[in-house]
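A quick write-up on the structure given underneath.
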Amino acid sequence: MGTLIVLAIIVVIGYLVSLRLHPWHACRRCRGRGHHAGAVFKYATRACTSCGGNGRRARLGVRVFHGGRQVWGERAPAAVAEERGKNLGR
């Protein structure tokens, strides 16, 4: 019984670490592309309403445990986006 509890604790800690390192998964609705093709005109596209057009969605554990806070896996992309904004004179 004690080993089962220790194993469960290790699994939970591993899951929380994986949420920190990999907070995103591909959007199921657009399959990670970020857009949908038109029904009549196949060349026409529109942004995916589920993921907002970026092709990624936060994993369930990130939404539950971290709320809206930034996690470790988002720091580098956020810094790059901020730097791009500075370079463009915004």
Side-chain angles (χ1 to χ4, degrees):
M1 184 67 176
T3 58
L4 190 61
I5 293 172
V6 171
L7 183 62
I9 290 172
I10 290 172
V11 168
V12 168
I13 290 173
Y15 179 69
L16 292 175
V17 168
S18 77
L19 286 177
R20 286 281 203 180
L21 297 177
H22 307 287
W24 302 100
H25 66 86
C27 177
R28 287 184 182 182
R29 207 158 174 210
C30 66
R31 297 185 187 110
R33 292 185 309 246
H35 64 273
H36 293 282
V40 176
F41 302 105
K42 296 296 183 185
Y43 57 85
T45 60
R46 64 177 171 84
C48 177
T49 56
S50 182
C51 64
N54 67 4
R56 303 180 307 167
R57 294 198 59 189
R59 291 170 56 189
L60 177 64
V62 171
R63 292 186 299 238
V64 171
F65 295 118
H66 299 291
R69 296 185 316 247
Q70 186 181 48
V71 294
W72 185 85
E74 295 175 309
R75 289 182 185 167
V80 168
E82 184 177 328
E83 189 63 32
R84 284 183 186 157
K86 288 180 184 176
N87 290 340
L88 295 174
R90 292 183 186 171

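Between Cys27 and Cys48 the shortest heavy-atom distance is SG-SG, 3.9 Å. Residue Arg59 comes nearest to His22 through the heavy atom pair NH1-O, 2.9 Å, listed as atom of the first residue, atom of the second, then distance.
Judged as a side chain to side chain donor-acceptor pair (under 3.5 Å), and not counting sequence neighbours, Arg33 has no contacts. A search for side chain to side chain contact (heavy atoms under 4.5 Å, CB included) contacts involving Thr45 returns His35, not counting sequence neighbours. Looking at residues two or more places apart in sequence or on another chain, you find a side chain to side chain contact (heavy atoms under 4.5 Å, CB included) between Ile9 and Ile5, Ile13. Evaluation of the side chain to side chain contact (heavy atoms under 4.5 Å, CB included) rule for Leu60 yields Arg63, Val64 as partners, not counting sequence neighbours.
Side chains of Arg29 and Thr49 form a contact here, defined as non-hydrogen atoms less than 4.5 Å apart.
Counting Ile, Leu, Val, Met, Phe, Trp and Tyr side chains that sit under 4.5 Å apart, directly or through other members, Ile10 shares a hydrophobic cluster with Val6. Through side-chain heavy atoms spaced under 4.5 Å, either directly or across other Ile, Leu, Val, Met, Phe, Trp or Tyr residues, Phe41 is tied to Val40, Tyr43.
The hydrophobic clustering, which links ILVMFWY residues whose side-chain heavy atoms are closer than 4.5 Å, places Val11 and Leu4 apart.
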